[in-house]
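Numbering starts at 1 and runs along the sequence shown. Fair warning: this is a prediction, and the values are worked out from it, not measured in the lab.
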Amino acid sequence: MVRVALIGFGYAGRVFHAPLIQATSGLHLTLVGSSRPDDVRAALPGVAVLPPEQALRQPDVDLVVIATPNDTHAPLARQALLAGKHVVIDKPFALDLAEAQGVAELAAQQKRLLSVFHNRRWDSDFLAVKTAIDEGLLGEVAHFESHIDRYRPQVRERWRESAVPGGGVWFDLGPHLVDQALQLFGQPCAVSAQLARQRAGAQAVDWAHVLLDYGSHRAVLHASMLVAGGSPRFTVHGSRGSLVKHSADIQERQLLAGLLPGEAEWGLDEEPARFYDGSDGSVRELAVPRGCQQAYYEQLRDALLGKCANPVLPEQALAVMRVIEAAQQSAEQERVIVL
């Protein structure tokens, strides 16, 4: 049994990490580190609660999961590693590439597993696109477009939308968009980006448009808070045809509703992807794989037991940070950043 301390009980800790950890056999949520103990006790009766910096040092903990505001990820990870714990960090890895590299080097020195929670590798929509590309259905990819668009015209009072280090939509949603693109195509040759604040009263970036240059093809990554009509989650054009997936993965909504892995409807995406065959003009519906974000924690458990590889290696998370940082530099300097 791997004993887990969850540090942070905001949206990420409460909605994603706690239920997925508890649904994974072989993992035991031993305690939660939080400054809001009453919230934790109401949601997780029977689970011990301590201040965050005490929780990550407890001797009866093997794995520390950090789901706190972005600017605390690296400092808390360092403390946990120095205390001899294995560590999972919710995305983003850190505030910049240098900070992330420092944490990765410390993990190697301490001989402890370090992983980043890039859970959207196991989303139904992404799995559908990855399968189509891997199987050669689209031929040579020429254009890939990935959107996470929402309609939230009112700026909310929370750190993610504040003018704080690690705030804004590019740090919030950008790591998902980038990690998925890197899983499909690897590191790009160059990055160009525009980041903006569009909503009245916006303090942090709430619109991001990033272009990854792969030489033979391009990948467009886009996130916005002012898209009421919706847009396809994925659009891919290739030499043999095009693939469009409109609706997004359902697992976040299911977790909010209290569903857990193992239930009949878990991860079930009933909207097919559509393949537009360039050879004859026909349109074919493709069944979408079931989403399975719990696979991250199942593979992490097995990695800690020496049965499989770390599901998200530090070097993979560093590659994401490299693109996140390059996009920021591109937007600030108004130029293409060559990697």
Side-chain angles (χ1 to χ4, degrees), residues 11-12 69-74 89-101 116-118 120 126 143-185 187-214 217-235 248 317-339:
Y11 188 84
N70 295 342
D71 61 346
T72 66
H73 286 184
I89 305 176
D90 196 276
K91 57 78 201 165
F93 194 161
L95 291 181
D96 56 45
L97 180 59
E99 188 178 53
Q101 286 172 327
V116 176
F117 186 61
H118 283 301
R120 295 200 180 275
F126 175 69
H143 178 94
F144 169 85
E145 197 153 335
S146 175
H147 282 243
I148 302 181
D149 293 331
R150 296 167 175 168
Y151 185 65
R152 294 177 180 170
Q154 302 301 320
V155 177
R156 293 179 289 179
E157 293 186 10
R158 58 176 193 157
W159 67 263
R160 294 179 191 275
E161 299 184 48
S162 301
V164 298
V169 73
W170 182 236
F171 268 96
D172 186 22
L173 302 177
H176 291 316
L177 295 165
V178 172
D179 183 65
Q180 290 178 334
L182 297 193
Q183 285 296 295
L184 294 173
F185 308 118
Q187 182 172 281
C189 307
V191 178
S192 58
Q194 292 184 343
L195 306 176
R197 294 189 296 271
Q198 292 188 329
R199 295 175 297 172
Q203 300 178 33
V205 167
D206 59 9
W207 181 91
H209 190 84
V210 178
L211 180 67
L212 308 185
D213 181 352
Y214 285 95
H217 69 276
R218 303 291 187 272
V220 176
L221 311 180
H222 187 91
S224 173
M225 292 295 186
L226 285 176
V227 181
S231 54
R233 176 66 183 86
F234 288 104
T235 304
L318 287 172
V320 172
M321 286 305 307
R322 189 170 290 111
V323 176
I324 294 291
E325 188 170 277
Q328 287 184 289
Q329 293 172 349
S330 173
E332 292 167 0
Q333 301 171 18
E334 298 183 345
R335 67 182 181 94
V336 175
I337 304 297
V338 177
L339 299 182

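Between Pro232 and Thr235, the closest heavy-atom pair is CB-OG1, 3.6 Å. Heavy-atom minimum distance, Val116 versus Ala317: CG2-CB, 3.4 Å. Between Arg322 and Leu97, the shortest heavy-atom contact is NE-CD2, 4.0 Å. Contact between Ala200 and Val155 at its shortest, heavy atoms only, is O-CG2, 3.7 Å. Taking all atoms of both residues into account, the shortest heavy-atom contact from Gln187 to Leu182 is CA-CD2, 4.0 Å. Heavy atoms only, all atoms of each residue included: Pro175 and Ile324 are closest at N-CD1, 3.7 Å.
With hydrogens and angles ignored, the 3.5 Å screen pairs no side-chain donor or acceptor of Arg197 with any backbone N or O of Asp206. Panel note: side chain Asn70, backbone Gly166; a donor-acceptor pair is recorded below 3.5 Å. A donor-acceptor pair under 3.5 Å links the side-chain atoms of Arg199 to the main chain of Arg152, judged by distance alone. In this structure, the side chain of His147 does not engage the main chain of Ala223 through any donor-acceptor pair within 3.5 Å. Between the side chain of Glu145 and the backbone N or O of Phe234 there is no donor-acceptor pair closer than 3.5 Å. Using modelled atom types, one side-chain atom of Glu161 and one backbone atom of Arg156 make a donor-acceptor pair closer than 3.5 Å. Using a distance-only test at 3.5 Å, with no hydrogens or angles considered, no donor-acceptor pair links the side chain of Ser330 to the main chain of Ala326.
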Verify side-chain contact (heavy atoms from CB on, under 4.5 Å) between Gln328 and Trp170, making sure each step is shown before the conclusion. CA-CA 9 Å; Gln328 287 184 289; Trp170 182 236; 4.0 Å; yes
Derivation of the side-chain contact (heavy atoms from CB on, under 4.5 Å) call for Arg150 and Val227: CA-CA 5 Å; Arg150 296 167 175 168; Val227 181; over 6 Å; no
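Residues Leu212 and Val191 form a side-chain contact, since some pair of their non-hydrogen atoms from C-beta on lies under 4.5 Å apart. Inter-residue side-chain proximity for Pro153 and Leu226 is flagged as met; some heavy-atom pair is nearer than 4.5 Å. Between Val320 and Phe93 there is no side-chain heavy-atom pair separated by less than 4.5 Å. Side-chain contact between Gln194 and Trp207 is present, with at least one heavy-atom pair separated by less than 4.5 Å.
A search for side-chain contact (heavy atoms from CB on, under 4.5 Å) contacts involving Gln333 returns Gln329, Arg335, Ile337, not counting sequence neighbours.
Within 6.0 Å of CD on Gln203 lie more than 12 heavy atoms contributed by other residues, nucleotides or ligands. Around atom OH of Tyr11, more than 12 heavy atoms belonging to other residues, nucleotides or ligands sit under 6.0 Å away.
Look at Lys91 and Asp179 and you find no salt bridge, because none of the NZ, NE, NH1 or NH2 atoms lies under 4.0 Å from a carboxylate O.
A distance below 6.0 Å separates the ring centres of His217 and Phe185.
Between the CD atom in Gln180 and the CZ atom in Phe126 there is a gap of 5.0 Å [rounded to 0.5 Å]. Here the straight-line distance linking atom CG of Leu177 with atom OG of Ser146 works out to 4.5 Å at 0.5 Å rounding. Atom NE2 of His209 sits about 11.5 Å away from atom OG of Ser224, to the nearest 0.5 Å. Interatomic distance, Arg160 CZ to Asp172 CG, rounded to the nearest 0.5 Å: 5.0 Å. For the atom pair CG (Leu221) and CD1 (Ile148), the distance works out to 9.5 Å, reported to the nearest 0.5 Å. Separation of atoms NE2 (His222) and CG (Leu211) is listed at 13.0 Å; rounding is to 0.5 Å.
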